[in-house]
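The structure displayed is predicted, hence computed values, not measured ones.
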Amino acid sequence: AADIETAKILKGIVRNIEDQSCADIAYSTAGESSAKIGLGYFRILPEYSDPESFDQDLFIRPIPNTFSVYLGRHFMPDGSDAKRGFIVDSLPVDDFKRTYPKARFKAEEFSDLGPDMTFWHTGEVVTVIEYFVLDRIDETLYFLADGSTITSVDYDAWPESLGAKPTVQKERAAFREELKWYKMTGVEVLEERDLPGKFIPIVEVVGRESWVDGRRVLWGLVRPAKDTLRMDNYV
């Protein structure tokens, strides 16, 4: 049921999100990183519209540190087909305690992690990871005699007020995905919630890309210029 007027409204909503977010900063940060090293990121996240409100708006935010992001296996250049993603951040212990007063923050509480402890807790900073994952939920889909489709769960729960169930004409295996978000340290989950949408809200920006021996290789402007500079230095 798409039409020109609906497209204009949707485009206006996106422009408003970009304007409210100062999205140019996110775009230019990711673009500069992709030009330098071949890869950059920005993210889309909901934030409360007011400190005293429960309403939330979408914002486009920069990710200055490209190496803080890990996207799962994907082939689309924007990463839209990834099923999981991570954003790594490090908080000074005092900031961590203030943000999560009930969380474990002492270095000895991370000692069970063994050699990996220093990654999660250096004594001065605590590593906090945001984890996004699309959980796959298998289900059976029915095609009914009235031309509609319905899951087997909803079909079994058909309310009597709607009358007799239409007969099932066809069925097939299907699935749906639910977007989950977790924030965690190496020893506990700090926050978790379900998110709307069907994509990991991290957008990848790629410079140059090739596949060599089954491996994805990315590069920006710097790598091709290195040999020229080496020759100039040699001369």
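- Applying the side-chain hydrogen bond (donor to acceptor under 3.5 Å, both in side chains) test to D19 and every residue at least two apart in sequence or in another chain returns nothing.
- Under the 4.5 Å side-chain heavy-atom criterion for grouping Ile, Leu, Val, Met, Phe, Trp and Tyr, F86 is connected to L190 within one hydrophobic cluster.
- Clustering of Ile, Leu, Val, Met, Phe, Trp and Tyr by side-chain heavy atoms under 4.5 Å joins W219 with V212, V217.
- Shown here are the side chain to side chain contact (heavy atoms under 4.5 Å, CB included) partners of P101, two or more places apart in sequence or in another chain: there are none.
- No side-chain heavy atom of R61 sits under 4.5 Å from any side-chain heavy atom of I63.
- Side-chain contact between R104 and T185 is absent, with no heavy-atom pair separated by less than 4.5 Å.
- Evaluation of the side chain to side chain contact (heavy atoms under 4.5 Å, CB included) rule for D138 yields R136, F175 as partners, not counting sequence neighbours.
- Inter-residue side-chain proximity for D50 and D55 is flagged as unmet; no heavy-atom pair is nearer than 4.5 Å.
- Under a 3.5 Å cut-off, the side chain of Q20 and the backbone N or O of N16 do not form any donor-acceptor pair.
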N/O donor-acceptor pairs under 3.5 Å from side chains in residues 163-170, not counting sequence neighbours:
unit_1: K165; atom_1: NZ; unit_2: Y155; atom_2: O; d: 3.2
unit_1: T167; atom_1: OG1; unit_2: Q169; atom_2: NE2; d: 3.1

- Query: Does the pair V187 and D112 meet the rule for a side chain to side chain contact (heavy atoms under 4.5 Å, CB included), with working shown?
  - Reply: CA-CA 9 Å; V187 293; D112 289 344; over 6 Å; no

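- Annotation: E177, atom CD; neighbour count of heavy atoms from other residues, nucleotides and ligands within 6.0 Å is above 12.
- Checked by atom type and distance alone, the side chain of S28 pairs as donor or acceptor with a backbone atom of I25 at under 3.5 Å.
- Between the side chain of S148 and the backbone N or O of L144 there is no donor-acceptor pair closer than 3.5 Å.
- Scored by the salt bridge (Lys or Arg N to Asp or Glu O under 4.0 Å) test, K106 finds no partners at all (sequence neighbours excluded).
- The shortest side-chain heavy-atom distance between V93 and H121 falls under the 4.5 Å cut-off.
- The backbone N or O of D57 sits nowhere less than 3.5 Å from a side-chain atom of S49 that would complete a donor-acceptor pair.
- Judged as a side chain to side chain contact (heavy atoms under 4.5 Å, CB included), and not counting sequence neighbours, the contacts of L218 are L39, V206, E209, R216.
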- Item | E5 and K8: CA distance, side-chain angles, deciding distance, salt bridge (Lys or Arg N to Asp or Glu O under 4.0 Å) verdict | CA-CA 5 Å; E5 292 305 314; K8 288 180 179 178; 3.7 Å; yes

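- Proximity of a side-chain donor or acceptor of S33 to a complementary backbone N or O of A30 within less than 3.5 Å is not detected.
- Within the structure, every pair that satisfies the ring-ring contact (aromatic ring centres under 6.0 Å, His included) test and touches residues 19-44, not counting sequence neighbours, is listed here: Y27-F42.
- Considering every non-hydrogen atom in both F110 and G186, the closest pair reads CE2-N, 4.1 Å.
- L179 and P196 make their closest contact through CD2-O, 3.7 Å (heavy atoms, listed as atom of the first residue, atom of the second, distance).
- Contacts classified as salt bridge (Lys or Arg N to Asp or Glu O under 4.0 Å) and involving residues 143-164 (residues at least two apart or in different chains) are not found.
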- Message: Let's go through I44 and F199 carefully: what are the C-alpha distance in whole Å and the side-chain angles of both, what is the deciding distance for side chain to side chain contact (heavy atoms under 4.5 Å, CB included) to 0.1 Å, and is it a yes or a no?
- Response: CA-CA 10 Å; I44 302 165; F199 302 105; over 6 Å; no

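- With sequence neighbours left out, the salt bridge (Lys or Arg N to Asp or Glu O under 4.0 Å) criterion links E192 to no other residue.
- With hydrophobic clusters built from ILVMFWY side chains whose heavy atoms lie under 4.5 angstrom apart, M184 shares a cluster with V88.
- Screening residues 45-85 for ring-ring contact (aromatic ring centres under 6.0 Å, His included), with sequence neighbours left out, gives F75-W211.
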Below 3.5 Å, can you tabulate the donor-acceptor pairs from side chains in residues 124-132 to any protein atom, sequence neighbours excluded?
unit_1: T127; atom_1: OG1; unit_2: F119; atom_2: O; d: 2.6
unit_1: E130; atom_1: OE1; unit_2: R43; atom_2: NH2; d: 2.8
unit_1: E130; atom_1: OE1; unit_2: W181; atom_2: NE1; d: 3.0
unit_1: E130; atom_1: OE2; unit_2: R43; atom_2: NH1; d: 3.0
unit_1: Y131; atom_1: OH; unit_2: R84; atom_2: NH1; d: 2.6

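- Heavy-atom minimum distance, L134 versus A82: CD1-O, 3.9 Å.
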